[in-house]
Amino acid sequence: MDGYFSSRPHHQLRERVRQFAECEIRPRIAAMEAARSVQYELSRLIARQGWIAATVSPSYGGMGVGHLGKTIIIEELSRVSAAMGAMAQASQLGVAKIVHFGSEEQKKHWLPAVAAGDCLPTIAVTEPESGGHVLGMTATAVRDGDDYILNGRKVYVGNSHVGDVHGVVVRTGPGSRGLTAFLVEPDRPGFSLGAERDTMGLHGFSFGELHFDDCRVPVESRLGEEGDGLAVAYSSSVLYGRANLTAVSLGIHRAILEETTRFCTERIRYGKPLYELPNIKIKLGQLQSRLMTARLAAYHAVHLLDQGLPCDAELMNAKVVNVESALDSARAAMEIHAAAGLFTDRPIERYLRDAHHIFAPAGTTDVQLLRLAEVALGTTKGQWSQRLSDVVRTEEFAAAAH
């Protein structure tokens, strides 16, 4: 199942990431689950592999393997540890804002550091009261000479406690053109982190709170122009967030199938392997079918994205299919394991817990279905995938011309 839209370099990349995940991450999982705390050192180790810069141009030190290559990286990390897959994808969300909206000076400063593993960026949009409603945010930035003064609070920020620079979208005026984005380092006066909180799953990954109390940020740290904040948020959510979370779900789903197949082969019932029971074999077939369908949806969407083709609907559908399929397969796997799946010496209960964490970010299933209904009705208002990919393709063409 490794061949969808993939070439030999993609297969080689997959093998490198898989070997790393098996050798460096899997031995740490038991300790990660027991500690339930942020994995600083492991996050840095993953970053030093260069994988956070999957979509960064080689001219800035990046890999330049596109969204398909990025999906391979996240899937293989998530197959072993969804927490570390989530860590990688969250930083790649942070990369998006710099790639698409950073000035040349910002790109030269931050992107080589990302590629070297010295910088883990984040994106901070969600707020306690507005949730996923971007235009409902109330955190503010007020211009004061050559600075902006930020006030407010952001929640559910991926890599909150390991991030080196936070891409923060706040309100500078009314309406959809009243949002602006900034790059904020965590050592700036007036910036603070909320306390770490225990979570159901993704142990080792941080998604916490950022607080701004008269936090002064220079104009040079603004991403794009005033009023570009909505586009900055959408570039992370639409182009990267949906595809990235799809890849995390895909990795979890693959792990579910592999672990359940192993269990059904090793467990003996009535003198035969468990999979010989017809009802069990049917469930395994359902798991296999779901994974194949989900995998095709995931890789087809990012293939279109890499081609610069409009694919908002495909990205939304890929997240719906992968998230829901992984949850369905996790429940079916738990039924197959029965009581054996309830103990933490087997990973199936971890997969079930982790799968639930991917449901809400970048839009719940209901949000995706509402947008897909607009596709069916012909009432969509443009394609973010095409708009933002055109920016990158134009820049690449201009660079090649010189």
Asks: Are the side chain of Arg36 and the backbone N or O of Thr199 linked by a donor-acceptor pair below 3.5 Å?
Replies: yes
Asks: Using the side-chain contact (heavy atoms from CB on, under 4.5 Å) rule, pick out the option among Ile268, Thr265, Thr260, Ile280 that qualifies with Leu274.
Replies: Ile280
Asks: Side chains of Ser78 and Leu250: does their closest heavy-atom pair fall under 4.5 Å?
Replies: no
Asks: Can you give each donor-acceptor pair under 3.5 Å made by side-chain atoms of residues 109-126, sequence neighbours left out, with the distance rounded to 0.1 Å?
Replies:
from, atom 1, to, atom 2, distance (Å)
Thr122, OG1, His166, ND1, 2.8

Asks: For atom CD of Glu129, is the number of surrounding heavy atoms from other residues, nucleotides or ligands below 6.0 Å larger than 12?
Replies: no
Asks: Can you confirm whether Glu127 sits close enough to Thr138 that some side-chain heavy atom of one is under 4.5 Å from a side-chain heavy atom of the other?
Replies: yes
Asks: Is there a side-chain contact between Met84 and Met32 (heavy atoms, below 4.5 Å)?
Replies: yes
Asks: So, do His357 and Phe207 have ring centers that fall under 6.0 Å from each other?
Replies: yes
Asks: Would you call the rings of His337 and Phe263 parallel, tilted or perpendicular, taking 30° and 60° as the class edges?
Replies: parallel
Asks: Parallel, tilted or perpendicular, judged at 30° and 60°: which one describes the rings of Tyr299 and Tyr4?
Replies: tilted
Asks: Does Arg28 reach the main-chain N or O of Glu24 with its side chain, forming a donor-acceptor pair under 3.5 Å?
Replies: yes
Asks: Between Arg242 and Gln368, is any side-chain donor less than 3.5 angstrom from a side-chain acceptor?
Replies: yes
Asks: Under the rule for side chain to side chain donor-acceptor pair (under 3.5 Å), what residues qualify as partners of Ser237, not counting sequence neighbours?
Replies: none
Asks: Under the side chain to side chain donor-acceptor pair (under 3.5 Å) rule, collect the residues that match up with His211, sequence neighbours excluded.
Replies: Glu209
Asks: Only counting residues at least two apart or in another chain, list the ones meeting salt bridge (Lys or Arg N to Asp or Glu O under 4.0 Å) with Lys70.
Replies: none
Asks: Only one of Leu223, Val168, Val217 forms a side-chain contact (heavy atoms from CB on, under 4.5 Å) with Leu183, so which one is it?
Replies: Leu223
Asks: Do the side chains of Asp228 and Arg222 get close enough for a salt bridge, i.e. N-O under 4.0 angstrom?
Replies: no
Asks: Would you please say whether a donor-acceptor pair under 3.5 Å links the side chains of Tyr148 and Thr180?
Replies: no
Asks: If you look at every heavy atom in His161 and Ser206, which pair is closest and at what distance?
Replies: N-OG, 3.2 Å
Asks: Give a yes or no on whether the backbone of Ser7 and the side-chain of His10 come within a donor-acceptor separation of less than 3.5 Å.
Replies: yes
Asks: Using a strict cut-off of less than 4.0 Å between a Lys/Arg side-chain nitrogen and an Asp/Glu carboxylate oxygen, indicate whether Arg262 and Glu259 qualify as a salt bridge.
Replies: yes
Asks: Applying ring-ring contact (aromatic ring centres under 6.0 Å, His included) as the test, list every pair that has at least one member in residues 39-64; sequence neighbours left out.
Replies: Phe20-Trp51
Asks: Would you say that Leu68 contacts Ser6 through its side chain, given a criterion of any heavy-atom pair below 4.5 Å between the two side chains?
Replies: yes
Asks: Ignoring hydrogens and angles, state whether a donor on the side chain of Ser385 or Asp312 is under 3.5 Å from an acceptor on the partner side chain.
Replies: yes
Asks: If you look only at distance, which donor and acceptor atoms sit under 3.5 Å apart when one is on a side chain in residues 313-322 and the other is two or more places apart or in another chain?
Replies:
from, atom 1, to, atom 2, distance (Å)
Lys319, NZ, Ile358, O, 3.3
Lys319, NZ, Phe359, O, 3.0
Lys319, NZ, Pro361, O, 3.1
Lys319, NZ, Gly363, O, 2.9
Asn322, ND2, Ala294, O, 3.0
Asn322, ND2, Ala318, O, 2.9

